[in-house]
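Sequential numbering from 1 along the given sequence is applied to the chain's residues. Values reported hereafter were calculated over all heavy atoms of this structure, with side chains retained and with hydrogens, waters and symmetry mates removed. Since the structure is predicted, the reported quantities are computational estimates derived from the model, not experimental observations.
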Amino acid sequence: MTYTGDVQVGGPADVRELPDLTICKLAVGPYDNNAYLLRCTETGDGLLIDAAAEPDRLLALVADRPISAIVTTHQHGDHWQALEQVSKVTGAKVLAHPLDAPGLPVPADRLVDDGDRIAVGVVTVEVIHLRGHTPGSIALLYDAGGRDKHLFTGDSLFPGGVGNTWKDPARFEQLYTDVVERVFDRLPDETWVYPGHGKDTTLGAERPSLPEWKARGW
């Protein structure tokens with residue numbers, strides 16, 4: 001089966017097999033959040049992005065294999081409802097940006113900022129700080145080599161626009177600028193985007209709309 005990223009709450013995970021990493025996408029909770037389990041092919045170590053809701057389903061996804069970390073992309077409650085239970089059962093360390101970590105229900109074991117790297121077995125993902133949706137929102141970039149790149153954006157970038165900034169011009173300008181400078185100006189069109197809710201996209205599909213996003217202000 002070919003990975004599409006189209007998942008439904010209550011339905012199965014969609015799985016993408018890369019040479020060095022497996023990505024599992026699962027939709028959970030009343031707000032249709034996406035949780036992503038990254039697992040190193042060589043070592044079996046795992047990393048969970050956003051323990052958003054439905055801890056039993058997330059723990060079933062993890063199964064009896066280890067995960068060393070849970071990364072929370074930002075402090076909004078719909079992205080961490082299952083964090084306390086999943087971290088307790090798995091023993092995984094909790095990671096978040098220092099500006100958003102105080103909003104989580106459990107203390108962060110490690111604070112991560114722009115440019116930091118997080119190990120998943122023998123591979124790593126890079127932290128990209130995208131300010132605006134919240135002060136400490138982060139994305140995670142997995143570079144599989146060449147133009148094969150995978151970006152987990154939380155609620156900072158979706159198909160059709162950047163994340164919600166609640167009609168605050170300063171916050172929108174900050175988020176738009178960060179997304180352009182730290183994502184679109186740096187990464188190729190083939191980069192696959194895995195957002196915090198809904199369907200996936202690519203930077204190439206979204207790039208032509210950047211002037212429209214800037215003009216509309218959201």
(request) Please lay out, stage by stage, how Y142 and V120 fare under the test side chain to side chain contact (heavy atoms under 4.5 Å, CB included). (result) CA-CA 10 Å; Y142 171 59; V120 190; over 6 Å; no

(request) Please list all pairs passing the ring pair (Phe, Tyr, Trp, His ring centres under 6.0 Å) test where one or both residues lie in residues 42-67, with sequence neighbours left out. (result) none

(request) Run the numbers on L203 and V183 for side chain to side chain contact (heavy atoms under 4.5 Å, CB included), then give the verdict. (result) CA-CA 9 Å; L203 292 187; V183 174; 3.7 Å; yes

(request) Only one of I67, I23, L48 passes side-chain contact (heavy atoms from CB on, under 4.5 Å) with R39; say which it is. (result) I67

(message) Test of understanding: clusters of I, L, V, M, F, W, Y form through side-chain heavy atoms closer than 4.5 Å, transitively. Do L95 and L99 belong to the same one?
(response) no

(message) Within the 4.5 Å heavy-atom criterion, are S137 and T73 side-chain neighbours or not?
(response) no

(message) Looking only at the side chains, is there a donor atom on one of Q75 and T134 sitting less than 3.5 Å from an acceptor on the other?
(response) no

(request) Could I get the full list of side chain to side chain donor-acceptor pair (under 3.5 Å) partners for W213, not counting sequence neighbours? (result) none

(request) With sequence neighbours excluded, give me every side-chain hydrogen bond (donor to acceptor under 3.5 Å, both in side chains) pair touching residues 19-30. (result) E17-T22, K25-D200

(message) Taking ring pair (Phe, Tyr, Trp, His ring centres under 6.0 Å) as the definition, give me every residue that meets it alongside F158, ordered by chain and number, with sequence neighbours left out.
(response) none

(request) Taking all heavy atoms of N34 and all of P195, pick out the closest pair and write down the distance. (result) ND2-O, 3.0 Å

(request) Mind checking side chain to side chain donor-acceptor pair (under 3.5 Å) for D178 and listing every partner two or more places apart, or none if nothing turns up? (result) R131, Q174

(request) Check whether V94 and L59 end up in the same hydrophobic cluster, where Ile, Leu, Val, Met, Phe, Trp and Tyr are linked by side-chain heavy atoms less than 4.5 Å apart. (result) yes

(message) Is there a side-chain contact between K93 and S68 in this structure, where contact means two heavy atoms from C-beta onward sitting under 4.5 Å apart?
(response) no

(request) Using a strict 4.0 Å threshold on nitrogen-to-oxygen distance, state whether E173 and K214 make a salt bridge. (result) yes

(request) Name all pairs fulfilling the salt bridge (charged side-chain N to carboxylate O under 4.0 Å, His left out) condition that reach into residues 81-92, sequence neighbours left out, sorted by first residue then second. (result) none

(request) Answer with yes or no whether the hydrophobic clustering places L141 together with W192; edges join I, L, V, M, F, W, Y residues whose side-chain heavy atoms lie under 4.5 Å apart. (result) no

(request) Report whether L58 and V15 are members of the same hydrophobic cluster (ILVMFWY, side-chain heavy atoms less than 4.5 Å apart, transitive linking). (result) no

(request) With sequence neighbours excluded, give me every ring pair (Phe, Tyr, Trp, His ring centres under 6.0 Å) pair touching residues 85-115. (result) H97-H129

(request) Please report the closest heavy-atom contact between A139 and L151, naming both atoms and the distance. (result) CB-CD1, 4.0 Å

(request) Applying side chain to side chain donor-acceptor pair (under 3.5 Å), name anything that partners R57, two or more places apart in sequence or on another chain. (result) E54

(request) Indicate if V71 and V125 have the same hydrophobic cluster label, given that clusters are the connected sets of ILVMFWY residues with side-chain heavy-atom separations under 4.5 angstrom. (result) yes

(request) Could you tell me which residues satisfy side chain to side chain donor-acceptor pair (under 3.5 Å) with T4, sequence neighbours excluded, listed by chain and number? (result) D14

(request) For H76, check ring pair (Phe, Tyr, Trp, His ring centres under 6.0 Å) against everything at least two apart and list the hits. (result) H74, H133, W166

(request) Evaluate the criterion side chain to side chain contact (heavy atoms under 4.5 Å, CB included) for residue pair Q81 and N33; output intermediate values, then yes/no. (result) CA-CA 11 Å; Q81 291 298 310; N33 286 76; over 6 Å; no

(request) Mind jotting down which residue pairs meet the ring pair (Phe, Tyr, Trp, His ring centres under 6.0 Å) criterion with at least one end in residues 25-53? Sequence neighbours excluded, please. (result) Y36-F152, Y36-Y194

(request) Write out all pairs satisfying salt bridge (charged side-chain N to carboxylate O under 4.0 Å, His left out) with one or both partners inside residues 140-166, taking only residues at least two apart or from two chains. (result) D143-K149, R147-E190

